[in-house]
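Numbers restart at 1 for each chain; the letters A, B, ... are given by sequence-line order, proteins then strands.
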2 protein chains.
Amino acid sequence: MENPESPATVLIVEDEPGIADILRITLKYHGFTVHTAATGRQAVIAAREHRPDLVLLDVMLPDGNGWEVCRTLRAERDDLAVIFVTARDAPRDVVGGLALGGDDYITKPFGVDEVVARVHAVLRRTRREPEAVDPVLRHGDLEMDEATYSVRRAGEPVDLTPTEYNLLRHLLRNAGRIVTKEQLLQHVWQYDTVVESTVVETYISYLRRKLDRLGPPLIETRRGIGYGLRALA
Amino acid sequence: MENPESPATVLIVEDEPGIADILRITLKYHGFTVHTAATGRQAVIAAREHRPDLVLLDVMLPDGNGWEVCRTLRAERDDLAVIFVTARDAPRDVVGGLALGGDDYITKPFGVDEVVARVHAVLRRTRREPEAVDPVLRHGDLEMDEATYSVRRAGEPVDLTPTEYNLLRHLLRNAGRIVTKEQLLQHVWQYDTVVESTVVETYISYLRRKLDRLGPPLIETRRGIGYGLRALA
DNA sequence: GAGATCCCGATTCACCTTGTAACGGCCCGG
DNA sequence: CCGGGCCGTTACAAGGTGAATCGGGATCTC
């Protein structure tokens with residue numbers, strides 16, 4: 001995970017309390033120190049006080065748009081990393097945002113794992129942290145290369161759709177543990193996903209069909225609890 | 001269990017007195033400092049006064065739904081942990097609730113041991129308590145891993161159903177003591193379970209069949225009293 | 001516009017749970 | 001020492017619940 005002796009600090013600038021909560025809880029859970037601000041004014045003040053390593057910046061704020069906030073913050077500290085958060089149906093601005101100094105951007109509604117991945121990626125770049133972690137996840141004869149988004153089992157490449165890939169990644173990251181369907185919905189799917197559907201089962205089924213063609217069953221069902229990767233022999 | 005020099009404080013927000021009682025007694029028994037509130041108003045006041053570490057929050061309250069209460073509480077103290085309590089047949093809101101700021105949720109009717117487990121889990125996360133406790137329960141050649149929900153005896157994996165698993169866990173946690181059938185019903189089964197059945201005996205029998213295949217008898221019957229794990233040799 | 005992807009609903013299937021009931025052993029009284 | 005009743009054990013069956021899978025329609029991507 002993150003360097004334990006100096007947890008990175010993230011400032012969340014977001015006026016919708018629900019979204020701010022999701023981001024706060026998620027990042028806290030992943031070991032970041034988190035502060036929040038609901039307006040551009042507060043953001044500038046909070047940035048001076050807490051000196052974050054990274055800012056998650058909503059583009060639509062009650063007191064003016066995020067570009068200006070970004071510019072202001074950058075004027076004071078040009079090593080500050082910024083990830084813009086924007087509505088999906090405004091992709092036109094996004095490029096502009098990146099051009100104006102954002103290091104990355106995320107569209108709403110987002111999936112929680114996506115946010116964590118991007119925050120880590122940006123911090124790794126801007127803090128010049130060594131590429132310490134092997135980007136290849138392994139479990140038995142299964143390997144996933146996060147750099148190339150490619151998956152292999154027993155040497156054979158496996159072609160996965162984005163959702164399948166994200167689901168498998170979450171299972172791999174929690175190999176040896178059992179994850180509930182709720183957790184999978186929370187982490188892999190977008191935050192506005194409603195329950196009452198069998199999406200998770202469906203995608204587990206897809207994964208099994210593609211993966212178990214190349215070897216023994218890999219994903220284990222714990223009835224009433226959730227799913228996990230089968231323990232290694 | 002919990003850090004003895006600073007017992008965690010829990011605020012229960014629940015309008016049904018029966019449920020509130022169950023929760024209060026259970027958590028008190030497990031060493032928590034407990035306060036209760038029956039409405040959202042009271043909850044906010046009580047939270048200011050007692051500064052709990054965690055709130056158990058019923059979603060259906062007489063004066064408005066729990067999300068707003070959660071939001072209000074969080075606005076004042078953003079490090080506050082919240083576990084939602086909700087009826088089973090309202091799963092639609094559940095993910096939304098989590099997304100809107102809950103750390104976990106419990107559905108009614110619940111099993112008492114489940115509540116304690118979740119409260120501990122959430123506090124461990126939010127208070128950054130070290131993962132000090134070995135998540136593996138042991139008793140002789142029997143081991144139970146609570147992270148993977150897996151059980152082994154003499155190295156051999158034992159496949160248990162959820163109820164069997166919960167029952168064995170309760171016996172393990174009370175190893176060396178004798179537990180009455182009533183206690184088992186109360187802790188392992190849901191609180192609204194009615195008696196007049198031999199469920200407990202049945203499940204003890206299932207456990208014996210699965211466990212004693214791999215070694216000498218493990219579960220001891222105290223006629224007229226209850227069950228316990230046999231003392232170690 | 002074509003193809004892939006995603007998600008929902010329905011169906012089927014498997015297993016879990018619980019109640020009933022028969023059997024057996026333990027304990028107590030005679 | 002014997003018999004009866006009670007408690008515990010276990011088998012069996014029915015019902016319920018969660019999971020797996022498939023097809024179709026909506027949506028997105030190129």
How many Å lie between [atom1] on [X] and [atom2] on [N], as a whole number?
X	N	atom1	atom2	value
R223(A)	dG16(D)	CZ	C1'	9 Å
N166(B)	dT17(C)	CG	C1'	13 Å
E164(A)	dC7(C)	CD	P	11 Å
K181(B)	dT9(D)	NZ	P	8 Å
Q190(B)	dT18(C)	CD	C1'	13 Å
L160(A)	dA4(C)	CG	P	16 Å
W189(B)	dC16(C)	CH2	P	15 Å
R222(B)	dC26(C)	CZ	P	15 Å

Which residues share a ring pair (Phe, Tyr, Trp, His ring centres under 6.0 Å) with Y227(A), sequence neighbours left out: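 Per chain and number, Y227(A) pairs via ring pair (Phe, Tyr, Trp, His ring centres under 6.0 Å) with no residue.
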
Residues that H170(A) engages under ring pair (Phe, Tyr, Trp, His ring centres under 6.0 Å), provided they are two or more places apart: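 Only H187(A) meet the ring pair (Phe, Tyr, Trp, His ring centres under 6.0 Å) criterion with H170(A).
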
Candidate nucleotides dA19(D), dC8(C), dG8(D), ranked by approach to the side chain of V199(A) - the nearest: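 So the nucleotide nearest the side chain must be dC8(C).
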
T163(A) side-chain proximity, nearest of dC6(C), dC27(C), dT17(C):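 Of all the options, the side chain of T163(A) is nearest to dC6(C).
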
Of L184(B), T180(B), L185(B), the residue whose pairing with E182(B) passes side chain to side chain contact (heavy atoms under 4.5 Å, CB included):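 When L184(B), T180(B), L185(B) are each tested with E182(B), the side chain to side chain contact (heavy atoms under 4.5 Å, CB included) holds only for T180(B).
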
Overall bend - the helix from dG1(C)-dC30(D) to dG30(C)-dC1(D), comparing terminal axes fitted on five pairs, nearest 10 degrees: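 The helix from dG1(C)-dC30(D) to dG30(C)-dC1(D) shows an end-to-end axis angle of 30°.
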
Basic-acidic side-chain contact under 4.0 Å: R138(B), E143(B):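 Yes, R138(B) and E143(B) are salt-bridged.
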
Plane angle bin for W67(A) and F84(A) - parallel if under 30°, tilted between 30 and 60°, otherwise perpendicular: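 Plane angle over 60°, so perpendicular.
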
Contact letters for nucleotides 20-30 of chain D, in which S counts primed atoms plus P, OP1 and OP2 and B counts the base, heavy atoms under 4.0 Å: SBB--------

Qualifying residues under salt bridge (Lys or Arg N to Asp or Glu O under 4.0 Å), relative to D141(B), sequence neighbours excluded: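 D141(B) satisfies salt bridge (Lys or Arg N to Asp or Glu O under 4.0 Å) with R153(B) once adjacent residues are dropped.
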
Identified ring pair (Phe, Tyr, Trp, His ring centres under 6.0 Å) partner of Y165(B) from the options Y203(B), Y206(B), Y149(B):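 For Y165(B), the ring pair (Phe, Tyr, Trp, His ring centres under 6.0 Å) test succeeds with only one of Y203(B), Y206(B), Y149(B), which is Y149(B).
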
By side-chain contact (heavy atoms from CB on, under 4.5 Å) - contacts of N166(B) (at least two apart):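 Only R169(B), V188(B) meet the side-chain contact (heavy atoms from CB on, under 4.5 Å) criterion with N166(B).
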
Donor-acceptor side-chain pairing of Y191(B) and Q186(B) below 3.5 angstrom: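 Short answer, no.
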
